[in-house]
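Have a look at the structure below, then the notes.
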Amino acid sequence: MPRYDVVILGAGAAGLMAAIAAGRRGRRVLLLDHAAEAGAKILISGGGRCNFTNLHTAPDRYLSANPHFAKSALSRYTPADFIALVDRHRIAWHEKTLGQLFCDGSARAIVAMLLEECAAAGVELRLRQRLREVTRAEAFRVETEAGDIAAESVVLATGGLSIPKMGATGLAHVVARRFGLPVTACRPALVPLTVDAAMLERVRPLSGVSLPVAAALGRRRFREAMLFTHRGLSGPAILQISSYWREGEALSLDLLPDAPSDWLVARKRSRAKAALRTVLAEALPQRLAEALAPPESAAAPMADLPDRTLAALAAGLKAWPVTPAGTEGYAKAEVTLGGVDTAALSSRDMSAKAVPGLFVVGEAVDVTGWLGGYNFQWAWASGWCAGEAA
Ligand code: FDA
């Protein structure tokens, strides 16, 4: 049986980084994936330009049953470390917004960089590998359709459950459970939200309309764009809040986050002769303004409308209550919330406390970042920490 120091299951962001770090240490590394190509999610990420990290990376940008768990890895491998790697490969990048760093060109450059680093570190990469089972006697035994492989260490890097069409499976969770590691409840996150039939009738005609909003749920508030879709709501603000939303809860959407609460009453003074629908359309996308203007007063001049009517309308626009019916599920979720329980792992190197030589990294772990490059930073950081120890 061929024997390796480290066998890594999953050649995504975290697995590639773990392979590079372990290979650089002189470990004999085998990286296995069932896909035809490594880093498939990197290739489609960030609209094809890969939002590869975020300058504001901090533990409070991550959800986990243990909010402290990510601290160690994120401080040991930082955005500056990944930027230095990108710069060494002369990949041009820019900050788009909110600390989000994107490639100027194609995400393919990031995958090419990681593969080059793997090759330089002597990593052996095998694609189209069907994995059957991982067991352990005096060493780990990774059973594949092409034969069994012995390994001193195994790194589970097969990601979460998001986008099964792209090859996502629960393999890391299944193997972790088999070795006695608990897995927390999983759910789709960074995912579009759906609305019930009655609300869908109102929002479907708005499909395609996008505007800056503040989406709030309890103390969480995200000021980003929102998009009406043919099934409900999407866009960065909604994806962000979706990670915190639970069935039955109502979101509060501020459709005019920059406007003071008395803005409509103030407009009555400055635009006395204008129709209400015209004034609304000056602040909101036309189609949304038409849909939100109360039919009985839409055509009325502002001067004819009582202050209290305008104040109530403005308050409604600044705190529009929406109770989503559900999410669009793993088929559309950028990430999976939940995963291998951090209580079973070392926060320093991602090793399983009770199973020497077993490591879990990336999205497979119960650490989920906000939208905006945070998830890749977690994948790089957790992968690097495991690769330094495996
Ligand atoms: P990842 O899913 O990347 O890799 C897992 C690997 O394991 C895959 O190569 C898969 O083929 C393999 N695998 C799975 N099951 C297997 C099995 N049974 N046998 C063998 N191999 C198996 N994040 C971010 O920070 N910035 C961004 O711009 C984006 N954009 C984005 C867009 C879209 C459309 C999605 C779906 C997601 C994002 N993300 C993102 C999230 C980001 O892609 C995600 O957090 C990381 O890819 C997670 O890295 P991992 O290596 O943990 O899993």
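Both ligands and their constituent atoms are indexed starting at 1 by order of listing.
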**Request:** Quick one: list whatever passes side chain to side chain contact (heavy atoms under 4.5 Å, CB included) with A225, sequence neighbours left out.
**Result:**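 Partners of A225 under the side chain to side chain contact (heavy atoms under 4.5 Å, CB included) test: S210, P236.
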
**Message:** Angle between ring planes, W380 versus F376, binned at 30° and 60°: parallel, tilted or perpendicular?
**Reply:** parallel

**Item:** ring-ring contact (aromatic ring centres under 6.0 Å, His included) between F52 and F102, worked out
**Value:** CA-CA 6 Å; F52 55 79; F102 284 76; 8.1 Å; no

**Prompt:** Would a 4.5 Å heavy-atom cut-off, applied to side chains only, mark T57 and Y62 as touching?
**Reply:** yes

**Message:** How long is the straight-line distance from NZ of K353 back to CG of L181, given to the nearest 0.5 Å?
**Reply:**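 Between atom CG of L181 and atom NZ of K353 there are 10.0 Å.
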
**Prompt:** Taking the six-membered ring for Trp, are the ring centroids of F140 and Y4 within less than 6.0 Å of each other?
**Reply:** no

**Request:** Anything with a heavy atom under 4.0 Å from ligand 1 counts, so go ahead and list those protein residues by chain and number.
**Result:**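 The answer is G10, A11, G12, A13, A14, D33, H34, A35, K41, I44, S45, G46, N51, L131, A157, T158, G159, I163, G167, T169, L171, E334, V335, G362, E363, G373, Y374, N375, F376, A379, counting any residue whose heavy atom sits under 4.0 Å from ligand 1.
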
